[in-house]
2 protein chains.
Amino acid sequence: MLWLLNQISQFAPISPEGQLALASVLVRKEVPKGYVLLEHGKICRHLYMLEKGFARGYYTQDGRDISLWFAFEGDILASYYSFVTLKPSYTTIEILEDSTIAGVSYDQLNELYRNYPEFNLIGRLMTEKYFIELEERTLSFQFQSASERYHQLIEKHPQLLQKASLGHIASFLGISQETLSRIRAKK
Amino acid sequence: MLWLLNQISQFAPISPEGQLALASVLVRKEVPKGYVLLEHGKICRHLYMLEKGFARGYYTQDGRDISLWFAFEGDILASYYSFVTLKPSYTTIEILEDSTIAGVSYDQLNELYRNYPEFNLIGRLMTEKYFIELEERTLSFQFQSASERYHQLIEKHPQLLQKASLGHIASFLGISQETLSRIRAKK
DNA sequence: CGCCGAGTTGAACTGAATCAAGAAACGTGG
DNA sequence: CCACGTTTCTTGATTCAGTTCAACTCGGCG
């Protein structure tokens with residue numbers, strides 16, 4: 001509980017009342033490796049934060065899956081698109097290591113937004129943070145080669161090498177597994 | 001004035017006091033074709049909305065420019081990254097048709113956020129909207145071919161054909177001008 | 001008219017995909 | 001603790017989408 005409050009109050013301080021209100025609706029769960037938190041086609045009705053563990057979001061096309069993102073401790077686990085629009089998610093969220101997650105439901109969050117406007121500030125800042133990260137990722141597709149993207153990714157998240165498989169990383173970079181293997185081979 | 005209020009109140013209603021406060025700090029400008037609204041390397045201290053006209057954001061690499069986005073009426077003109085972090089922008093914003101823009105400065109907007117928390121809700125919703133659009137764009141790089149990306153773009157924004165040059169569109173799609181010309185040639 | 005920027009077309013080249021096969025690592029049951 | 005099957009990773013040969021460079025066309029405009 002404390003952990004999540006601490007995490008999100010790094011975006012902006014939360015009043016004692018707000019903290020209490022959040023704590024009272026917060027759900028905390030342990031989920032095992034392999035667990036599917038959100039299934040493709042379902043509506044994402046919860047916003048979780050990954051307290052401990054590792055996860056990824058992926059898209060399925062022609063029978064193979066393509067990683068959209070990886071989540072480390074402190075990252076949000078949700079399909080933004082589905083959560084915001086309440087339309088079916090195209091993303092599947094898969095837990096890749098035994099994890100602890102904490103979060104709130106769509107209704108509860110909106111209740112919080114209504115009763116404690118200060119949460120809108122936090123929501124805005126968090127959205128801005130993820131927007132900027134996504135912008136950087138889009139840029140990398142537009143001007144970097146496969147090899148450049150790989151090296152930059154590993155520099156930013158060296159833990160990925162231990163945690164994610166070659167195939168997961170390759171699809172995240174938008175390249176084939178074989179190509180990534182060859183990139184690794186040279187130097 | 002009215003126009004911009006109307007636009008952003010589509011995200012969420014604004015109280016009369018909020019409307020007044022916003023109106024009092026709003027700047028409205030006419031800018032000619034060719035005008036550079038934000039220069040690469042400068043800090044983006046204003047958030048404008050394009051009321052009428054057409055513009056694009058681009059990045060310069062090895063002497064050539066690569067389009068990052070196009071803005072139509074109602075779209076935001078700013079480098080989100082620079083505006084939010086107050087770091088130098090890597091984006092240049094160029095007006096492509098005589099335009100009317102309206103907006104607020106960084107300081108004024110934060111003043112609004114502070115005094116009228118309701119604006120945080122609007123800020124969050126607008127950021128979410130752009131986040132989802134960007135997500136779609138990133139996806140398109142991850143699994144679509146150049147030709148698929150082009151046809152989808154044109155389907156979504158047919159006006160682009162009249163407004164933007166082949167070179168601008170090609171760099172936006174992450175392909176060379178020649179390739180786009182060939183894509184056009186066949187069917 | 002002649003120039004100029006924008007778009008097209010051709011030919012050679014290249015980074016990455018695909019298909020196919022094999023090697024290594026990994027976990028589970030005996 | 002080993003043996004087996006499964007999954008993950010590597011390597012090779014071939015193909016293909018898209019780049020690059022270069023020459024050429026077209027429509028406007030001074």
Side-chain angles (χ1 to χ4, degrees), chain A residues 32-36 54-56 58-67 70 92 94-98 137-154 158-187, chain B residues 33-34 54 56 58-67 70 94-97 137-154 158-187:
Chain A
K33 173 174 174 172
Y35 183 80
V36 173
F54 185 56
R56 71 167 182 139
Y58 66 87
Y59 185 95
T60 308
Q61 194 181 52
D62 310 327
R64 13 177 219 180
D65 64 71
I66 297 169
S67 302
F70 297 103
T92 300
E94 178 190 19
I95 303 296
L96 293 176
E97 281 178 7
D98 293 353
R137 177 159 151 72
T138 310
L139 274 186
S140 77
F141 278 107
Q142 222 172 337
F143 350 94
Q144 295 186 313
S145 68
S147 161
E148 285 171 329
R149 265 178 280 146
Y150 172 71
H151 291 298
Q152 193 169 303
L153 178 68
I154 293 308
Q159 332 95 289
L160 262 186
L161 284 179
Q162 311 348 317
K163 304 201 167 205
S165 74
L166 185 86
H168 290 167
I169 297 175
S171 73
F172 177 77
L173 293 170
I175 61 179
S176 73
Q177 169 163 323
E178 293 91 330
T179 298
L180 181 51
S181 178
R182 281 183 250 265
I183 287 173
R184 274 193 184 169
K186 58 180 66 161
K187 197 170 59 89
Chain B
K33 173 176 176 170
F54 184 58
R56 70 166 182 140
Y58 67 87
Y59 185 96
T60 308
Q61 194 182 51
D62 310 327
R64 20 177 213 178
D65 65 71
I66 298 170
S67 302
F70 296 104
E94 178 191 20
I95 303 295
L96 294 175
E97 281 179 7
R137 178 159 151 72
T138 310
L139 274 186
S140 78
F141 278 108
Q142 223 172 335
F143 22 77
Q144 295 185 313
S145 68
S147 163
E148 286 171 329
R149 265 178 280 147
Y150 172 70
H151 291 298
Q152 192 169 303
L153 177 68
I154 293 309
Q159 331 94 292
L160 262 186
L161 284 178
Q162 313 346 319
K163 303 201 168 205
S165 74
L166 185 86
H168 289 167
I169 296 175
S171 73
F172 177 78
L173 294 170
I175 60 179
S176 71
Q177 169 162 327
E178 292 91 330
T179 298
L180 181 52
S181 178
R182 281 182 252 264
I183 288 173
R184 275 192 184 170
K186 58 181 66 160
K187 200 168 55 86

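Keep in mind that the numbers below use all heavy atoms, side chains included, and drop hydrogens, waters and symmetry copies. All chains are named by letter (A, B, ...) in the order of the sequence lines, taking the proteins before the strands, and each is independently numbered beginning at 1.
One finds the CZ atom of B/Arg137 at 13.5 Å from the CD atom of B/Gln142 (value rounded to the nearest 0.5 Å). The distance from the CG atom of B/Leu139 to the OG1 atom of A/Thr138 is 9.5 Å, given to the nearest 0.5 Å. Between atom CZ of residue B/Phe54 and atom CG of residue B/Leu160 there is a gap of 5.0 Å, rounded to the nearest 0.5 Å. A distance of 9.0 Å separates OG of B/Ser171 from CZ of A/Phe143, quoted to the nearest 0.5 Å.
A/Phe70 and A/His168 have tilted rings, their planes meeting at an angle from 30° to 60° on a 0 to 90° scale.
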Decide yes or no on side chain to side chain contact (heavy atoms under 4.5 Å, CB included) for A/Ile154 and A/Arg184, but give the supporting numbers first.
CA-CA 11 Å; A/Ile154 293 308; A/Arg184 274 193 184 169; 5.9 Å; no

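To the nearest angstrom, P of D/dC16 lies 13 Å from NZ of B/Lys186. The nearest whole Å value for the distance from the CG atom in A/Leu161 to the P atom in C/dA25 is 16 Å. Going from atom NZ of A/Lys33 over to atom C1' of C/dC26 covers 10 Å, rounded to whole Å.
With 3.5 Å as the limit, one finds a donor-acceptor pair spanning the side chains of A/Arg56 and A/Ser67.
Each end of the helix from C/dC1-D/dG30 to C/dG30-D/dC1 gets its own rotation axis from five pairs of C1' atoms, and the angle between them is 30° to the nearest 10 degrees.
In this structure, A/Gln61 and A/Ile66 have side chains that are in contact, with non-hydrogen atoms separated by less than 4.5 Å.
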Strictly under 4.0 angstrom, non-hydrogen atoms only: write out the protein contact profile of nucleotides 3-18 of chain C, one letter per nucleotide from the 5' end, B, S or -.
----BBBBB----SSB

